[in-house]
Amino acid sequence: MVTATAGKTTKSAPKIRLNKLLINNEWVDASDGGTFETYNPSTGEVIAKVPHATTKDVDNAVKCARRALETGSWSRMDAADRGRLLYKLADRIEQEAGELAILESYNCGKTITDSRGDITGVINTLRYYAGWADKIEGRTIPVRGNFLCYTLRQPVGVVGQIIPWNFPLLMLAWKWGPALACGNTVVMKCAEQTPLSAMRLGELAIEVGFPPGVVNILQGLGETTGHAMVVHPGIDKIAFTGHVDTAKIIQKNAADSLKRTTFELGGKSPNVIFADADLNQAVEGAFHAIYFHCGQCCTAGSRLFVEEKIHKEFVDRMAEKAKKRVLGDPLEDSTQQGPQVSQEQLDKILGYIQLGQKQGAKLVVGGERVGKDGFYVSPAIFDNVKDDMAIAKDEIFGPVVSILPFKEMGELVERANNTNYGLAAGVWTKDINKAHSYARAIKAGTIWVNCYHIVDTNTPFGGFKMSGQGRENGESALEHYTELKTVTVKLD
Ligand code: NAI
Ligand code: MG
């Protein structure tokens, strides 16, 4: 492991010009002046005190979003023009991509290479949904009797969107894209760890001409600002990405107003290597599956099932790669792994490293804190993991992989499916029969064959079981951002 620049600031920090809430196209402080701190995860330093939106601020944002939805220019705008605004926003983001990537890496700790990739994803997502805006159609339905019957797809209304810190701008785009294409208005709360990049996006949205109240961006903690959104009677739907336990709380609290909810939650995704796989590709792929963005990825391939025949060689090759991983300042192009996002996440991961050893798994490499100020941890490999150990069951959300040897397909499918989660799964083999049989048998929303983490905005994304409800991306997201209306007309 190379740790040349971990915890050291080698690049100059970006200037934070804007640090406010966005309500009705105005930049404001919290109504009570309250703030919370946000950090540079690479050094642990506080970089800004961010306005902490109160219940009153939430209420104000909801009222403005309602006005925009029902009486403002947004409510009268042609669908094609909504699409044009989304295209324009994508174009402005493309022009500002370099600056946005730096801000994202600075606040989130993701490598600059990953941030650039995220921003490409943001642009693709907004353009994809821009194209949908004037193609959201109903049907005419032949009914009994002399009636004309047709359906309309109309916006759900004011949507509350609560997003996490691992892909701040990309999660914003996944939520804004379909919501705005369908004509909804948005009250968004960013994760408290990563509030900054969304503010710049809000500026660009105003600049390209989104009318007041269409996108409102709040900052604050989940238990305060997020909760106030969930219980607000003026919000029609909550779209959430984050922890499964938070989703349970949200679903209970949303029940009183029977809000629509969609959830994209975590996973403990099985990634399976058969002995007949191309081993070079499989090692690369399994490594990327777990260590991409420090393992802070809902689809992380954290349960790595390896066929017994190749188990030892596979572990050795993974360990060799882990030892060479370059940890450092996320703003450096040469850095392969930045810090975890927060002290809280770092502590959680180090806790699991201890627990794994205590429960009898073998820590082959890594799992140590690197540096003393930033939130770095070296990539860890656990071997001899048993299916019932905590490290094989819980979402760790860090660079920690559990290796689980297996003998044959029958046993494997049962073990891979033995989890409450079902977000994603990978399989590496040259045998198409094995690949497709596995793809069909595994209970997960996304299956990757001889690849991993390939997520395109055009395809549905979401989970089976406790990994979520509903689907984001692709055409399927539109269903969750519209209400279906049936109109029946008597003909004489
Ligand atoms: P979290 O679920 O607490 O936070 C996600 C978002 O929900 C944040 O914006 C937060 O402010 C908000 N929130 C929290 N409590 C809320 C409440 N009671 N009402 C309304 N909104 C609320 O996740 P956290 O604490 O950041 O991370 C904990 C774990 O969650 C991670 O270790 C990981 O296992 C999982 N996670 C999964 C993600 C995914 O992509 N599916 C993303 C982030 C975290
Ligand atoms: Mg939390």
Side-chain angles (χ1 to χ4, degrees), residues 36 38-39 41 50 52-53 55 58 108-110 118 160-168 170-172 174-175 187-195 198 217-232 235 237-256 259 261-269 292-300 302 340-352 375 377 390-391 393-400 420-424 444-446 453 455 461-463 465-470 472-473:
F36 64 95
T38 191
Y39 298 85
V50 179
H52 187 164
T55 303
V58 170
C108 173
K110 63 171 52 193
D118 282 12
Q161 304 184 320
I162 300 176
I163 56 171
W165 43 262
N166 50 347
F167 297 85
L170 191 61
M171 292 301 102
L172 176 151
W174 282 21
K175 295 210 166 19
V187 177
M188 170 166 276
K189 188 192 86 64
C190 301
E192 54 270 38
Q193 296 82 355
T194 52
I217 305 173
L218 302 180
Q219 310 293 349
L221 307 188
E223 294 74 9
T224 52
T225 316
H227 179 77
M229 288 169 61
V230 172
V231 298
H232 198 294
I235 290 186
K237 170 201 162 93
I238 293 284
F240 169 79
T241 300
H243 196 269
V244 61
D245 291 342
T246 314
K248 291 181 198 171
I249 295 170
I250 291 178
Q251 194 165 49
K252 285 184 188 129
N253 290 331
D256 279 338
K259 282 185 178 54
T261 49
T262 44
F263 296 120
E264 197 273 277
L265 312 173
K268 192 72 186 176
S269 297
F292 170 57
H293 190 21
C294 310
Q296 302 173 126
C297 195
C298 49
T299 48
S302 52
Q340 308 305 128
V341 77
S342 64
Q343 182 72 50
E344 188 187 349
Q345 290 299 123
L346 176 69
D347 292 345
K348 174 179 166 180
I349 294 160
L350 295 176
Y352 274 108
F375 311 133
V377 56
I391 53 168
K393 288 165 75 174
D394 300 351
E395 184 179 55
I396 300 175
F397 232 58
V400 184
N420 290 332
Y421 291 112
L423 191 61
T446 293
H453 288 316
V455 175
F461 181 83
K465 300 194 269 182
M466 282 164 81
S467 284
Q469 277 177 14
E472 300 195 279
N473 287 348

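Each residue takes its place number in the sequence, starting with 1. Indexing begins at 1, ligand by ligand and atom by atom, following the structure's order. This structure is a prediction, so every number in the text was calculated from the model and none was measured.
Not a single heavy atom of Phe167 lies less than 4.0 angstrom from ligand 1. Contact between Met171 and ligand 1 is absent, with no heavy atom of the residue lying under 4.0 Å from the ligand.
At a heavy-atom distance under 4.0 Å, only side-chain atoms of Glu192, from C-beta outward, approach ligand 1. Contacts between Glu264 and ligand 1 below 4.0 angstrom, taking non-hydrogen atoms only, involve backbone and side chain alike. At a heavy-atom cutoff of 4.0 Å, ligand 1 is contacted by no atom of Asp245, backbone or side chain.
Here atom 14 (C) of ligand 1 lies nearest to Thr246 when heavy atoms of Thr246, Asn166, Leu423, Ile162 are compared. Among Ile249, Ile163, Leu221, the residue whose heavy atom lies closest to atom 18 (N) of ligand 1 is Ile249. If you check each of Phe263, Trp165, Phe240 against atom 24 (P) of ligand 1, the one with the closest non-hydrogen atom is Trp165. Counting only non-hydrogen atoms, the option in His243, His227, Lys189 that gets closest to atom 29 (C) of ligand 1 is His243.
Remark: minimum distance from atom 38 (C) of ligand 1 to any protein heavy atom is reached at Phe397 CZ, 3.5 Å. Looking at atom 31 (C) of ligand 1, its nearest protein heavy atom turns out to be Lys348 NZ, 3.6 Å. Protein heavy atom at the shortest distance from atom 25 (O) of ligand 1 is Glu344 OE2, 4.5 Å.
The structure places CD1 of Ile162 at 4.5 Å from CD1 of Ile238, a figure rounded to the nearest 0.5 Å. Between the OH atom in Tyr421 and the NZ atom in Lys465 there is a gap of 11.5 Å [rounded to 0.5 Å]. A distance of 10.0 Å separates CG of Asn420 from CG of Asp394, quoted to the nearest 0.5 Å. Once rounded to the nearest 0.5 Å, the distance linking CD of Gln340 with NZ of Lys348 reads 11.0 Å. Rounded to the nearest 0.5 angstrom, Leu218 CG and Met188 CE are separated by 10.0 Å. Atom CD of residue Glu192 and atom OG of residue Ser342 lie 9.0 Å apart, to the nearest 0.5 angstrom.
Residue-ligand proximity, Glu395 to ligand 1, at heavy-atom distances under 4.0 Å covers atoms 33 (C), 34 (O), 35 (C). Close contacts of ligand 1 with Leu265, meaning ligand atoms under 4.0 Å from a residue heavy atom, involve 41 (N). Counting the atoms of ligand 1 from 1 in the order shown, those under 4.0 Å from a heavy atom of Gln345 are 27 (O), 28 (C), 31 (C), 32 (O). If you number the atoms of ligand 1 from 1 as listed, the ones under 4.0 Å from a heavy atom of Gly266 come out as 41 (N). The ligand atoms of ligand 1 that sit less than 4.0 angstrom from a heavy atom of Gly226 are 19 (N), 20 (C), 21 (N). When each atom of ligand 1 is checked for a heavy atom of Pro164 under 4.0 Å away, the hits are 42 (C), 43 (C). Each of the following atoms of ligand 1 lies closer than 4.0 Å to a heavy atom of Cys298: 39 (C), 40 (O), 41 (N). Here is the list of ligand 1 atoms found below 4.0 Å of a heavy atom in Gln193: 26 (O).
For atom 4 (O) of ligand 1, no protein non-hydrogen atom is found at a distance below 4.0 Å.
Checked against the 6.0 Å centroid threshold, Phe397 and Trp165 count as a close aromatic pair. In this structure, Trp174 has its ring center at least 6.0 angstrom away from the ring center of Phe167.
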(message) Run the side-chain contact (heavy atoms from CB on, under 4.5 Å) test on Met229 and Gln161 for me, step by step, so that the C-alpha distance in whole Å, both residues' side-chain angles and the decisive distance to 0.1 Å come before the verdict.
(response) CA-CA 9 Å; Met229 288 169 61; Gln161 304 184 320; 5.8 Å; no

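Taking only nitrogen or oxygen atoms, main chain and side chain alike, Gly222 reaches within less than 3.5 Å of ligand 1.
With sequence neighbours left out, Ala247 forms a side-chain contact (heavy atoms from CB on, under 4.5 Å) with Phe240, Phe263, Leu265.
Of all heavy-atom pairs between Gly398 and Ile349, the closest is CA-CD1, 3.5 Å. Minimum heavy-atom separation, Asn473 to Phe461: ND2-CB, 4.2 Å. Across all their heavy atoms, His232 and Lys259 have their closest contact at O-NZ, 2.6 Å.
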